[in-house]
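In this text the structure is predicted, and so the values were computed from the model without any measurement. Sequence lines set the chain letters: A, B, ... in the order given, protein chains first and strands last, and positions in each chain run from 1.
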Amino acid sequence: KNQVEQSPQSLIILEGKNCTLQCNYTVSPFSNLRWYKQDTGRGPVSLTIMTFSENTKSNGRYTATLDADTKQSSLHITASQLSDSASYICVVSARYSSASKIIFGSGTRLSIRP
Amino acid sequence: DVKVTQSSRYLVKRTGEKVFLECVQDMDHENMFWYRQDPGLGLRLIYFSYDVKMKEKGDIPEGYSVSREKKERFSLILESASTNQTSMYLCASSPGTPGTSGSFSSYEQYFGPGTRLTVT
């Protein structure tokens with residue numbers, strides 16, 4: 001069964017600190033993995049995408065890693081800011097010969113405290 | 001910038017009413033999607049469309065129908081709203097290969113702001 005599990009469910013850190021969010025998946029055949037950021041009351045916005053051959057991708061203070069062997073990904077946020085308060089969603093895609101499947105994790109809710 | 005707009009941010013309807021949720025995208029994308037988002041669950045796909053008048057069921061299509069008469073507009077219809085359809089509804093669009101249903105995994109999806117629907 002295709003699944004995407006994220007941990008922790010929620011996280012509170014102080015402004016300026018770093019944090020790492022985890023994503024484990026059992027999706028096959030793997031096509032790509034994206035991290036989305038969803039601000040409260042808004043739709044998700046893509047942060048990074050990684051394919052099978054990529055193991056690190058950065059977008060400013062956000063760095064995503066992918067270990068395709070262990071089927072794990074992480075999103076590391078450096079020097080957090082108040083605007084980083086949001087839900088972070090891991091999304092894994094599978095690609096079959098004539099179909100696609102996208103599986104969303106339930107997200108990690110991150111709160112940054114001043 | 002890609003823009004995906006949804007007709008309402010908040011909607012309150014009574015059980016049994018017919019409900020229309022509309023979504024419009026301005027980037028000439030082939031693919032459009034309707035999801036619902038509930039606490040503790042990931043986004044779940046209701047329906048998607050890969051071309052005008054072409055649609056496919058997602059993971060939870062029961063109780064919903066869709067319409068795509070124009071490329072830029074994708075409507076979600078609740079024929080007879082029920083309380084278990086209270087949820088946040090998100091529309092998304094993405095590029096794709098015209099006329100091909102299976103290409104969307106390669107492309108980023110662009111989401112609208114969502115419609116919070118309450119059915120009482």
Do B:Trp34 and B:Phe111 belong to the same hydrophobic cluster, where Ile, Leu, Val, Met, Phe, Trp and Tyr are linked whenever their side-chain heavy atoms lie under 4.5 Å apart, directly or via other members? no

Enclosure of A:Arg95 CZ (heavy-atom neighbours >12, cutoff 6.0 Å): yes

Chain B heavy atoms under 4.5 Å from A:Ser46: which part of the residue, side chain, backbone, both or neither? both

In terms of hydrophobic clustering (I, L, V, M, F, W, Y; side-chain heavy atoms under 4.5 Å; direct or indirect links), are B:Phe20 and B:Phe74 co-clustered? no

Shared hydrophobic cluster, B:Leu117 / B:Ile77 (ILVMFWY, side-chain heavy atoms < 4.5 Å): no

Are B:Leu11 and B:Leu78 in one and the same hydrophobic cluster, where Ile, Leu, Val, Met, Phe, Trp and Tyr link if side-chain heavy atoms are under 4.5 Å apart? yes

Contacting moiety of A:Arg34, where chain B heavy atoms sit under 4.5 Å: side chain

Please classify the contact between A:Gln9 and chain B as side chain, backbone, both or neither, with a heavy-atom cut-off of under 4.5 Å. neither

Mind checking ring-ring contact (aromatic ring centres under 6.0 Å, His included) for A:Tyr88 and listing every partner two or more places apart, or none if nothing turns up? none

Residue-level contacts of residues 40-67 of chain B with chain A, using a heavy-atom cutoff under 4.5 Å: B:Gly40, B:Leu41, B:Gly42, B:Leu43, B:Asp59

Counting heavy-atom pairs under 4.5 angstrom with chain B, the leader among A:Gly41, A:Ser100, A:Gly107, A:Gly43 is A:Ser100

Part of B:Tyr107 within contact of chain A (heavy atom distance under 4.5 Å): backbone

Do A:Phe52 and A:Leu66 land in one hydrophobic cluster if side-chain heavy atoms of ILVMFWY residues count as linked below 4.5 Å? yes

Part of B:Arg9 within contact of chain A (heavy atom distance under 4.5 Å): side chain

Tell me the closest heavy-atom pair linking A:Tyr36 and B:Gln109, and the distance in Å. OH-N, 3.3 Å

